[in-house]
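This one's a predicted model, so the numbers in the text were calculated from it and none came from an experiment. Numbers restart at 1 for each chain; the letters A, B, ... are given by sequence-line order, proteins then strands.
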Protein chains: 4
Amino acid sequence: MKGKREIASSVKDESLIEMRRKQMIRGAVKLFKEKGFHRTTTREIAKEAGFSIGTLYEYIRAKEDILFLICDGIYDEVQKRLSTLEMEEGSIERLKLAISVYYQLIDDMTDEFVVLYQESKSLQKDALQYVLRKELEMVAIFEGILKECVISGELRISEQEIPIAAHHIVVQGQMWAFRRWALTKEYSIESYIKIQQHQLLKGIQ
Amino acid sequence: MKGKREIASSVKDESLIEMRRKQMIRGAVKLFKEKGFHRTTTREIAKEAGFSIGTLYEYIRAKEDILFLICDGIYDEVQKRLSTLEMEEGSIERLKLAISVYYQLIDDMTDEFVVLYQESKSLQKDALQYVLRKELEMVAIFEGILKECVISGELRISEQEIPIAAHHIVVQGQMWAFRRWALTKEYSIESYIKIQQHQLLKGIQ
Amino acid sequence: MKGKREIASSVKDESLIEMRRKQMIRGAVKLFKEKGFHRTTTREIAKEAGFSIGTLYEYIRAKEDILFLICDGIYDEVQKRLSTLEMEEGSIERLKLAISVYYQLIDDMTDEFVVLYQESKSLQKDALQYVLRKELEMVAIFEGILKECVISGELRISEQEIPIAAHHIVVQGQMWAFRRWALTKEYSIESYIKIQQHQLLKGIQ
Amino acid sequence: MKGKREIASSVKDESLIEMRRKQMIRGAVKLFKEKGFHRTTTREIAKEAGFSIGTLYEYIRAKEDILFLICDGIYDEVQKRLSTLEMEEGSIERLKLAISVYYQLIDDMTDEFVVLYQESKSLQKDALQYVLRKELEMVAIFEGILKECVISGELRISEQEIPIAAHHIVVQGQMWAFRRWALTKEYSIESYIKIQQHQLLKGIQ
DNA sequence: AATGAATGAGTTTTCATTCAT
DNA sequence: GATGAATGAAAACTCATTCAT
């Protein structure tokens, strides 16, 4: 909604920028997941991305920019997938679909989400605020869907309970990303989605 | 339950060790919360704790040890508070009390918990495994309480659902620690406990 | 003879590596001679070599590597100079030439030899073993030359005396390096070589 | 001959000083031999000697003093053993006895001698000069014995060759200390003394 | 005399970033 | 646009020495 926070590059060719940044994001996510932001060196990222350290710095200004690009990329994808829910507004089914789509996305981009939640605190103030704002926008999407359900009468919870319920949905998604190692012993992403839809609705219906 | 993992000190006086370590933990938690483990220097920790860098290293061997001491201290406190629930085994009231005690502890030690969940991945292999084991022991406490309720008949969920329910309780606690900045606008810890007790029980009763 | 023990460098250009390492060896030998390995800092070596501390560490991984490079360089030179003795095998003249070449080399590289014998014990296990092996190879060269003389009949000493005689030659070389300060008052390298050739041969002929 | 270089102690009781210093020398020699002067900490020396770091510093002023005490102790012993040679002055037998006594001493105090020759360069200027002077005094003892033999006519070498011959004797002693690991495979100290007496005399007779 | 906790200057090493080629 | 050698600030950690008890 708000204007994007752009990262300057000394390269002009936009499509080249996009390609190089994708390469570096892929490499960086892998490395950040394994070793964390601080233990990963820019040299390693460049190598993993397939180009030189000099080239890396043609497309970003600082190491932190890579972390920001990762976080920003996630919200782009969330926005994209949640903005096209083909289901009647105000219906419980729409809520369930949103949960399913969101959790499925987390499953597809587990590493990215883990990096987002583990490392984003390493961002400088302004980038961090941008990311927090995006996070709240994401929670707000679920608040919106919940509100519609309350208005339509399909959900009977108080106004006050909506934010916590939205946070709840988001946090249970995080849980899948973070506790996968423990949870995959018992559940697949499909069964996890089923159970969470069930329990979350029991909690608020 | 298992033997503690001890951190060597070159100082002999045990009570002095305890005191100095408490000082450094207090300072380190504050700094780690603000700037993260990697952005905090050992000199800053020493200064915050009120002694010199040399003295700091008389009580630990490596920076990582401080992080470990923080994590270990949390589990000590969890163990202590959850091991003395004066309530009939197998009762729903006991479960609610446990949740209340646990969430209250998280509220008392929010910074410590945030550091635990944000930074513990920076621990070396053996320390990390120790911390993960402790984390699982903590989840196991809630599994035990839930199981008692199932046995007594006060709770009617399947065996399979117990682990996820226990994780759920723990994760909702984490949520308070991590999302406090968003949640305190709407809830106090008391109201949060009430709502969570209610919703968690709706989910499993 | 055996494969060389390589020191990793993060610089790719081989000729640059060779040049920079030569620079740092020259500086380090001077400093190690003056103050010893431990009293010399890596910063001082970098400064003496004419580049920054960061650059130094682009060409080695640890301070110890510099010491190793010095030691290894000596054996390269020994090998080089002793492998091309143009003199009939088994002749006393060949033995005298070898002694002369070796002592002349020690005179040319006195500082390096002193560092080798004074500081090599500071090497880690594997580097130390490599250096000891090289040292023994060097003694073995003289044993070989002596053996030829015994076979040809120009030398009449027992098999058992060969190792001690070879050590003897090497040690008298060390003596020139270590006791130069006392010996140069009385002898030049040329007169030292003459006297030693004479005495060593008297001892074994 | 010259006045001793005294090391100040804040303790008054002379016999206590002597005892404590013996303890610390014994411990330090062991540690210096194993790890070198710089890699050995004063704490380790104190521990090995059986008292605290505080006590250590009651008997010396600086770490270096311990090294000096070791070196000085060796020369005391050399002086003691070589000043009472009961043999006719000017006889070859006296020279052989001196060599035997000296090499036997090196065998008795191998570790001390190795430390002397390996580490004495770590002494500060004035202590180093004192040690070098003592070393020359020791060489001078052999020069004296050689000179007597020349005067008595039992040895027929030029005046000029005397210093090198004396150095030679000393250096062959060092060789036993340093190359023991290689030499003990072939020789005992007794056979080494025999062979050296023989070869050294062949060299100068 | 003995102890050992406290100190902080000094050391090695790393790594983000720059810039000449 | 791409490269990679050069840089130096900054960080963790050590250890000789002191001094209050």
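Distances shorter than 4.0 Å separate none of the side-chain N or O atoms of B:S52 from OP1 or OP2 on E:dA6. In this structure, C:T55 reaches the F:dT7 phosphate: one of its side-chain N or O atoms is under 4.0 Å from OP1 or OP2. Contact check, D:T41 against F:dC15: no side-chain N or O comes under 4.0 Å of OP1 or OP2. Using a 4.0 Å cut-off, no side-chain N or O of B:R20 falls inside it from OP1 or OP2 of E:dA5.
One interatomic measurement links the two molecules: CG of D:D13 to C1' of E:dA2, which rounds to 14 Å at whole-angstrom precision. Distance, B:I45 CD1 to F:dA10 C1': 15 Å, rounded to whole Å. Here the P atom of nucleotide F:dT14 and the NE2 atom of D:H38 are 17 Å apart, to the nearest Å. Between the P atom of F:dA10 and the NZ atom of B:K63 lies a distance of 15 Å, rounded to the nearest Å. Rounded to whole Å, atom P of F:dC15 lies 8 Å from atom NZ of D:K35. Separating the CG atom of B:L67 from the C1' atom of F:dA12 is a distance of 15 Å, rounded to the nearest angstrom. For the pair B:M24 CE and E:dA5 C1', the computed distance is 13 Å after rounding to whole Å. Nucleotide F:dA12 holds its P atom 8 Å from the CD atom of B:E44, rounded to whole Å.
For the pair A:K4 and A:D76, the salt-bridge criterion is met [side-chain N within less than 4.0 Å of a carboxylate O]. Using a cut-off of 4.0 Å between Lys/Arg side-chain N and Asp/Glu carboxylate O, C:E58 and A:R43 are scored as salt-bridged. Using a 4.0 Å cut-off between charged nitrogen and carboxylate oxygen, D:R39 and D:E44 do not count as a salt-bridge pair.
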In dot-bracket, 5' to 3', how would DNA chain F read with Watson-Crick or G-U wobble pairs under 3.5 Å, [ ] for crossing ones and | for pairs to another strand?
-> .||||||||||||||||||||
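Take A:E18 and apply the side-chain contact (heavy atoms from CB on, under 4.5 Å) test, not counting sequence neighbours, and it matches A:K22.
Residue C:R43 places a side-chain atom within donor-acceptor reach of the base of E:dT13, judged by atom type and a 3.5 Å distance cut-off alone.
The cationic atom of A:K63 (NZ for Lys, CZ for Arg) lies less than 6.0 Å from the six-membered ring centre of A:F37 and within 45° of the ring axis.
Contact check for B:Q118 versus B:F32: no side-chain heavy atoms found under the 4.5 Å cut-off. With contacts defined as side-chain heavy-atom distances shorter than 4.5 Å, the pair C:D111/C:V114 does not qualify. A heavy-atom distance below 4.5 Å is found between the side chains of C:I7 and C:R21. Side-chain contact between B:V115 and B:I74 is absent, with no heavy-atom pair separated by less than 4.5 Å.
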Every protein N/O lying under 3.5 Å from an N/O of nucleotides 18-21 of chain F:
none

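Positionally, the nearest nucleotide of DNA chain E for D:V11 lies more toward the 5' end than for the other of A:T42 and D:V11. Place A:G50 and D:T40 on DNA chain F by their nearest nucleotides, and A:G50 ends up nearer the 5' end.
Candidate nucleotides E:dA6, E:dA2, F:dA5 were compared by shortest atom distance to the side chain of B:Y59, and E:dA6 ranks first. Which of F:dA2, F:dC13, F:dT7 sits closest to the side chain of C:F51 comes down to F:dT7.
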side-chain hydrogen bond (donor to acceptor under 3.5 Å, both in side chains) evaluation trace for D:Q23 with D:R26 = CA-CA 5 Å; D:Q23 289 173 296; D:R26 190 181 311 132; over 6 Å; no
